[in-house]
Amino acid sequence: MARITASVYTSHVPAIGAAMDLGKTQEPYWQKVFAGYDFSRQWIQENKPDVVFLVYNDHATAFSLDIIPTFAIGTAAQFKVADEGWGPRPVPDVQGAPELASHIAHSVIQQDFDLTIVNKMDVDHGLTVPLSLMCGQPKAWPFQVIPFAVNVVQYPVPSGMRCFRLGQAIRKAVESFDEDLNVQIWGTGGMSHQLQGPRAGLINKEWDNRFLDRLIDDPEGLAKLPHIEYVEEAGSEGIELVMWLIARGAMADVAGGRKPTLKHRFYHVPASNTAVGHMILEN
């Protein structure tokens, strides 16, 4: 059967992608950010999955205020890189895993989660920046990707507990797929940041690191955090962190297995007025 072997968590700051695309990664401002991913790039080469189930949020690229799916799974064979206003990023198109994606959609819907099935969409920096951080800038991404878009932009947004339970349903779906596949699940977005209003530029280092601590040791308790705490403590865009709970919910210990192994943890501020968090857990 297929199996989830690891979960990866990372911010998906658009300026990080621009820094890579423009060759600025060794500039003093950016060097410390990218140094935090040196281990991860070596790790992904040594632990290359067949498929990455990548949880991210669309930034008004594939979806607009006309249609706002809470959870949307990409089931296409290929996903083009979106033009977000300054041309598509110079990175490879994303190769999907339509058979596994369709199986996950069927299984998760049968577990009473309503998903929007998307057979064609472009993917923006929310998905491509994590790929670049982990893989560099190859001519082709080294694995297939299932895009999974979560609405954390327009309220109402899903609760942390809903996301955590969804991760458990995704794990069951993957393990019921009758093919020997190494699957990783990535949760992206965050950490604390606010992009507008009087609190623009807010970063809460202490809260962010408590979040990382609890994500490792007390994920179910962490999933109970109300939305208002994300907003008050981590800024209006801090709510993106509920997507990390989808990835954490898919780990084996949540279903009674062994506690995952922490392979890497990194935190840095600032990166374009945002806190950057990153972690790798192995089943």
Side-chain angles (χ1 to χ4, degrees), residues 8-25 30 33-34 37 40-41 44-45 48-69 71-102 104-105 115-153 183-190 195 237 240 243 246-247 271-272 274 276 278:
V8 174
Y9 310 83
T10 182
S11 304
H12 59 214
V13 185
I16 289 176
M20 295 185 71
D21 300 341
L22 298 174
K24 296 183 177 183
T25 59
W30 288 109
V33 175
F34 290 102
Y37 290 83
S40 306
R41 291 186 181 184
I44 199 73
Q45 291 181 22
K48 188 178 75 173
D50 299 304
V51 182
V52 166
F53 188 97
L54 203 155
V55 185
Y56 74 109
N57 63 289
D58 177 77
H59 300 78
T61 300
F63 309 110
S64 68
L65 294 182
D66 294 337
I67 300 176
I68 309 172
F71 301 117
I73 186 168
T75 55
Q78 187 179 64
F79 303 90
K80 296 289 186 181
V81 177
D83 183 347
E84 299 182 65
W86 49 85
R89 288 192 63 216
V91 297
D93 289 339
V94 172
Q95 303 305 311
E99 291 188 7
L100 177 58
S102 297
I104 291 172
L115 303 186
T116 299
I117 297 170
V118 184
N119 294 312
K120 182 180 179 181
M121 68 175 175
D122 293 345
V123 291
D124 67 17
H125 72 268
L127 184 137
T128 64
V129 166
L131 289 174
S132 294
L133 281 168
M134 294 294 293
C135 304
Q137 294 180 296
K139 292 183 179 179
W141 302 119
F143 40 71
Q144 296 174 307
V145 177
I146 298 175
F148 192 84
V150 180
N151 171 41
V152 289
V153 175
V183 179
Q184 291 179 7
I185 183 165
W186 295 10
T188 75
L195 302 180
E237 278 69 47
E240 291 179 353
M243 296 188 291
I246 296 178
S272 185
T274 303
V276 172
H278 174 43

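Keep in mind the model is a prediction, meaning the values are calculated, not measured.
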Do side-chain atoms of [X] reach the backbone of [Y] as a donor and acceptor pair under 3.5 angstrom?
X	Y	answer
Ser64	Asp66	yes
Glu240	Gly189	no
Ser102	Pro98	yes
Thr10	His278	no
Gln144	Gly96	yes
Asn57	Val150	no

For the residue pair [X] and [Y], establish whether any side-chain heavy-atom pair is separated by less than 4.5 Å.
X	Y	result
Val94	Trp141	yes
Ile185	Val52	no
Phe53	Val145	no
Phe63	Val118	yes
Ile146	Phe79	no

Polar contact flag, side-chain donor to acceptor under 3.5 angstrom, His59-Glu84: no

Check ion pair Asp122-Lys80 (N to O, under 4.0 angstrom): no

When the side chains of residues 126-136 are checked against the rest of the protein, which donor-acceptor pairs come out under 3.5 Å, sequence neighbours left out?
residue: Thr128; atom: OG1; partner: Arg89; partner atom: NH1; Å: 3.2
residue: Ser132; atom: OG; partner: Arg89; partner atom: NH1; Å: 3.1
residue: Ser132; atom: OG; partner: Arg89; partner atom: NH2; Å: 3.2
residue: Ser132; atom: OG; partner: Thr128; partner atom: O; Å: 3.2

More than 12 heavy atoms from other groups under 6.0 Å of CD on Glu99: no

Whether over 12 other heavy atoms sit under 6.0 Å from Ile67 CD1: no

Value rounded to 0.5 Å, distance of CG in Asp50 from CD in Gln184: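 CD of Gln184 is found 9.5 Å from CG of Asp50.
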
Distance, nearest 0.5 Å, that separates NZ of Lys24 from CD1 of Ile16: 14.0 Å

Given Leu115, Thr116, Asn151, the one that forms side chain to side chain contact (heavy atoms under 4.5 Å, CB included) with Phe71: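 Result for side chain to side chain contact (heavy atoms under 4.5 Å, CB included) with Phe71: Leu115.
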
